[in-house]
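Input: a single structure, listed below in C-alpha cells.
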Amino acid sequence: MTKEIDIKDKIFEIFISEDEISSIVHSMANQINNSGVKDPLFIAVLNGSFIFAADIMRKINIPNCEISFIKLSSYLGTETAGKVNELIGLGKNIRNRNVVILEDIIDTGITLEKIMSLLEKEEVADIKVATLLFKPEAYKKDIEIDFIGKSIPNDFVVGYGLDYDEIGRNLPHIYKLKE
Ligand code: IMP
Ligand code: MG
C-alpha cells in the first residue's frame, strides 16, 4: 500500500488501512443488526458516505431494510432572511419510519444537527446515527451518536469517500494530513 500520497498542495500519510476499515464496518453492521431496530430506513448523507453506505448495507441483515440518499444544500433564500438548509433527495414520505443516518465523518456536529432538525420536521418515529469516523475533540453538540466506527484525533483525513477539495474519494485506504 502506498504510504504517502500527494493531493494538490498537500501530503497525506496512511492512517487506516482497507483491511482495518473493513473490520470496523463489519463490527458496526453487527451492532446495528443486534440493536433491535425494526424495518429501518437507512439515510446516507452524500457525497462522503457513498462508499461506507455501500459496504455496510451488504452486511445488514435486518428484514425490510431500505436505503435512501440525501444531500444537504445551503442557499440564500429569497423569502427567508439568511442561509437555509434543505434535504435534497428526500422525495418520499418518511413519517413514522425508524431512520438510521449513515455518515462518513462527524466533526463539529453542525451538519448532523441540521440533518436532525430537518428529519424531525418529517415526523419520523426514531432517529439513530451511525458514523464511520468521529472527531471527539472537535464535536460541539450534544446529540447522541449511536454507532461510532472509530474515534480519531482532530486530523484532516481523505479516502474511502472522504475528500480534500473533492479529490481522494476513490482511495481504498484512509489517509491523514501529514504535519
Ligand atoms: P461537521 O459539520 O463539522 O460535523 O462536518 C461535516 C462535514 O465536514 C463532513 O460530513 C465532511 O464532509 C467534512 N469533513 C469533516 N472533517 C473532515 C475530514 O477530516 N476530511 C474530509 N472531510 C471532512
Ligand atoms: Mg460528509
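As the structure is a prediction and not an experimental result, all values here were calculated from the model. Just follow the structure's listing: the first ligand is 1, and inside any ligand the first atom is 1. By convention here, the first residue in the shown sequence is residue 1. Note that these values count all heavy atoms, side chains included, but never hydrogens, waters or copies made by symmetry.
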Checklist entry - Which is it for Asp104 and ligand 1 at heavy atoms under 4.0 Å: side chain, backbone, both or neither? => result side chain
Next on the checklist: Which of the numbered atoms in ligand 1 are under 4.0 angstrom from any heavy atom belonging to Thr111?
Outcome noted: 1 (P), 2 (O), 5 (O), 6 (C)
Checklist entry - Can a non-hydrogen atom of Asn47 be found less than 4.0 Å from any atom of ligand 1? => result no
Next on the checklist: Judged on heavy-atom distance to atom 22 (N) of ligand 1, which of Leu162, Ile115, Leu177 sits nearest?
Outcome noted: Leu162
Checklist entry - Is the closest heavy atom of Leu112 to ligand 1 under 4.0 Å? => result no
Checklist entry - Which atoms of ligand 1 are found less than 4.0 Å from any heavy atom of Gly109? => result 1 (P), 3 (O), 4 (O)
Checklist entry - To the nearest 0.5 Å, how far apart are CG in Leu102 and CD1 in Ile67? => result 5.5 Å
Checklist entry - Taking atom NZ of Lys38 as the centre, does the number of heavy atoms from other residues, nucleotides or ligands within less than 6.0 Å exceed 12? => result no
Item to check | Candidate pair Glu4 and Lys178, rule salt bridge (Lys or Arg N to Asp or Glu O under 4.0 Å), full reasoning | outcome: CA-CA 9 Å; Glu4 281 188 5; Lys178 203 175 166 184; 2.4 Å; yes
Checklist entry - Can you tell me if Ser49 uses its side chain to pair, donor with acceptor, with the backbone of Val45 under 3.5 Å? => result yes
Next on the checklist: Within the 4.0 Å heavy-atom shell around Ile110, which atoms of ligand 1 are there?
Outcome noted: 2 (O), 4 (O)
Item to check | salt bridge (charged side-chain N to carboxylate O under 4.0 Å, His left out): pairs with one or both residues in residues 156-166, sequence neighbours excluded | outcome: Lys8-Asp165, Asp163-Arg169, Glu166-Arg169
Checklist entry - Would you call the rings of Phe12 and Phe156 parallel, tilted or perpendicular if under 30° counts as parallel and over 60° as perpendicular? => result tilted
Checklist entry - Between atom CG of Leu132 and atom CD1 of Ile56, what is the distance when rounded to the nearest 0.5 Å? => result 8.0 Å
Checklist entry - Contact between Glu113 and ligand 1, counting heavy atoms under 4.0 Å? => result no
Checklist entry - Non-hydrogen atoms of Val158 versus ligand 1: any pair closer than 4.0 Å? => result no
Next on the checklist: Show me which atoms of ligand 1 lie under 4.0 Å from any heavy atom of Thr108.
Outcome noted: 1 (P), 2 (O), 3 (O), 4 (O)
Next on the checklist: Which option wins on minimum heavy-atom distance to atom 10 (O) of ligand 1: Leu46, Ile105, Leu72?
Outcome noted: Ile105
Item to check | Minimum side-chain heavy-atom gap Thr131-Phe52 below 4.5 Å | outcome: no
Checklist entry - At under 4.0 Å between heavy atoms, which part of Asp155 makes contact with ligand 1: side chain, backbone, both or neither? => result backbone
Next on the checklist: Need the ligand 1 atom indices (1-based, order shown) with element for anything under 4.0 Å from a heavy-atom of Asp163.
Outcome noted: 21 (C)
Checklist entry - Under the criterion side chain to side chain contact (heavy atoms under 4.5 Å, CB included), which of Leu90, Ile70, Leu87 is the partner of Leu118? => result Leu87
